[in-house]
Engineer: 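First, the structure itself, so that you have it in front of you.
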Number of protein chains: 2
Amino acid sequence: RMPGVSRSRGRRVARVILCVAVVLSWWTPARSAVMSPLMAGLLRRVRTCGDGLELEKKALPMLVPGIGELGRVLPRAASQLSRFPDVFSVGPRSVEIIAGATVSERSEAVGGVLNQLRGEGCVPMLQGWRNELWPVKASFDGPVELVIERAAGPLLGVRGFGCHVNGVVEGKPEKLWVGRRAATKPTYPRKLDHVVAGGLAHGEKARENVIKECAEEASIPRELAVLARSAGLVSYTQMDESEWGLKRDLLFCYDLQLPPNFVPTASDGEVESFCLWTVPEVLDSLAADNDDWKPNVALVIIDLLVRRGYLEPDDRGYVELVQSLRQ
Amino acid sequence: RMPGVSRSRGRRVARVILCVAVVLSWWTPARSAVMSPLMAGLLRRVRTCGDGLELEKKALPMLVPGIGELGRVLPRAASQLSRFPDVFSVGPRSVEIIAGATVSERSEAVGGVLNQLRGEGCVPMLQGWRNELWPVKASFDGPVELVIERAAGPLLGVRGFGCHVNGVVEGKPEKLWVGRRAATKPTYPRKLDHVVAGGLAHGEKARENVIKECAEEASIPRELAVLARSAGLVSYTQMDESEWGLKRDLLFCYDLQLPPNFVPTASDGEVESFCLWTVPEVLDSLAADNDDWKPNVALVIIDLLVRRGYLEPDDRGYVELVQSLRQ
């Protein structure tokens with residue numbers, strides 16, 4: 001089948017490949033073979049924020065027939081929902097919301113179930129009931145398909161959307177405003193946070209949310225806030241603390257260059273204080289094995305550090321780190 | 001089971017949810033319901049570059065036992081490889097390279113098969129044999145596990161790595177240097193390209209590659225080239241033109257701010273000419289339904305536009321666009 005001349009060429013090529021392969025396999029790789037403590041620390045931050053990713057594989061998609069997937073439900077949550085067969089059809093591969101032909105009927109039916117579970121007290125996260133309604137969509141651009149109490153978001157594993165603002169002060173070194181959350185916050189009290197961050201309510205434009213939160217959380221005037229520049233997004237799946245659900249969030253990242261003489265001040269009691277950190281200080285703290293940072297804040301800051309060239313492809317772990325920013 | 005007081009509270013909550021849901025479902029969404037021609041055009045670019053993503057699902061993982069996945073092989077390619085059972089064990093779920101206990105032995109065995117297929121002429125892409133060896137790794141930071149002829153990369157669906165440099169000139173409007181590939185290039189002749197871009201050879205650091213390619217492709221002196229700032233990565237799976245394989249590439253993105261008085265010049269015959277475009281001109285051309293751009297160049301430029309705030313979360317399609325940059 002193979003002519004002789006080709007076979008002899010084949011042998012020559014094979015011999016060349018052999019030689020090169022031997023040389024290559026002996027060659028010390030150019031990238032450092034050991035990961036730096038900085039990269040190891042940053043990867044730890046990203047993994048902490050994405051600690052629900054493995055669990056998500058065991059979760060059942062929550063579907064509305066004809067509409068698509070609205071969430072991901074863990075087995076123990078699915079087992080509770082299966083007690084309400086008029087509302088949820090729980091099978092081995094999915095949880096279907098079968099009640100209601102309209103958004104309002106569906107929301108009423110699901111709300112009734114959530115309220116009963118809350119009354120029974122078996123699902124810890126429902127004790128954090130906020131009386132705050134949350135729109136659920138199959139995609140960010142899609143219409144609202146379901147409205148639920150915000151505290152039940154992780155139980156049904158619905159996507160949450162928010163905006164985080166990096167408050168940057170140019171210079172050498174570049175600096176970043178860092179907030180400390182108030183001790184009275186129900187989630188992550190006293191953890192380090194962005195200068196401004198907020199969840200997106202239904203119908204709210206991301207840019208309007210940024211301007212509103214700039215005023216409310218850090219007294220940043222509108223004429224400064226409008227300069228915030230969108231810079232991409234991060235996404236992650238975090239395990240709910242009670243292990244009953246998944247926080248599946250997508251955060252829009254903004255950079256806001258603040259003048260050196262501007263000092264943000266807490267105005268709504270959500271933040272205890274603001275401090276101006278140099279980027280090397282931020283890097284050191286993120287790389288350290290501390291529990292100082294709200295996990296998703298670390299993710300957005302790492303995205304900033306990647307975009308601004310503080311980390312390099314030649315740093316071992318870079319590809320995994322960057323890919324983990326959008327899970 | 002549910003106490004009366006809780007049931008009445010349940011009804012009240014359900015009624016509130018019902019009302020809000022009705023209002024929400026009537027509310028016009030804040031984001032524009034129709035996608036802009038710009039976003040539609042950019043999404044088309046990203047999809048063109050990622051046109052192998054669906055096909056990839058049908059591809060078989062190419063494994064080395066004990067080492068892991070090194071590539072993805074399409075069914076028609078797997079069928080050819082199955083003719084060499086001493087080298088490839090082709091099953092319904094994977095293609096295993098079983099020949100060779102070392103990198104060099106494995107590379108020799110695989111090289112022999114590729115060379116025979118080339119001689120038979122049945123696989124078109126092997127007619128583009130370059131006599132250029134390509135390192136294959138299970139991950140970017142991992143050791144070389146296999147060395148193959150570069151032209152066979154898509155046939156085995158191995159990952160390729162490269163660096164692309166956005167040549168940016170600050171100002172209002174911001175500008176971008178755009179190259180036109182030489183008519184003599186074997187791939188994408190006369191298409192629009194980055195000022196500098198290159199594939200990463202084994203053992204080559206990304207930063208060294210950027211500096212070398214800056215000199216070779218655009219006569220950018222070292223003192224300028226070292227200012228290139230890493231800014232992240234894009235990845236995609238593109239169908240090989242012959243439909244025999246997949247180009248699964250990961251590109252490191254760099255931004256290089258060039259002085260207004262600097263003009264890049266082609267030095268190695270790979271580029272026909274360089275032109276300075278304003279960002280609005282680039283946006284218009286990318287959004288248009290033309291075939292002017294090398295597909296992966298469009299991807300890296302869209303990443304730049306996202307990072308620099310030319311696109312906004314409130315633009316319909318933004319989430320899909322940004323998520324598609326790393327596939």
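Values below: every heavy atom of this structure, side chains too, minus hydrogens, waters and symmetry copies. Below, chains carry the letters A, B, ... as their sequence lines are ordered, and counting in each starts from 1.
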Engineer: Below 4.5 Å from any heavy atom of chain A, which atoms of B:Y254 appear? Answer side chain, backbone, both or neither.
Structural biologist: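 Contact with chain A involves the side chain of B:Y254 alone.
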Engineer: Heavy-atom distances under 4.5 Å only: say whether A:L250 touches chain B with side chain, backbone, both or neither.
Structural biologist: side chain
Engineer: For chain B, which residues of residues 318-327 of chain A have at least one non-hydrogen atom nearer than 4.5 Å to it?
Structural biologist: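 From residues 318-327 of chain A, the residues near chain B are A:Y318, A:V319, A:V322, A:Q323, A:L325, A:R326.
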Engineer: Heavy atom to heavy atom, less than 4.5 Å: which residues from residues 299-308 of chain B reach chain A?
Structural biologist: B:V306, B:R307, B:R308
Engineer: Go through B:S235, B:G309, B:A228 and name the one with the most non-hydrogen pairs under 4.5 angstrom from chain A.
Structural biologist: B:G309
Engineer: Drop me the distance from A:L200's CG to B:D314's CG, to the nearest 0.5 angstrom.
Structural biologist: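 Rounded to the nearest 0.5 Å, the CG-CG separation comes to 8.0 Å.
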Engineer: Go through A:T102, A:L146, A:L233, A:V110 and name the one with the most non-hydrogen pairs under 4.5 angstrom from chain B.
Structural biologist: A:L233
Engineer: Using every non-hydrogen atom in the two residues, find where A:S230 and B:L311 come nearest and quote the distance to one decimal.
Structural biologist: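 Scanning both residues completely, I find the closest heavy atoms to be OG-O, 2.7 Å.
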Engineer: What option among B:C163, B:A206, B:C253, B:G317 has the most heavy-atom pairs under 4.5 Å with chain A?
Structural biologist: B:A206
Engineer: Roughly how far apart are B:D141 CG and A:R316 CZ, rounded to 0.5 Å?
Structural biologist: 4.5 Å
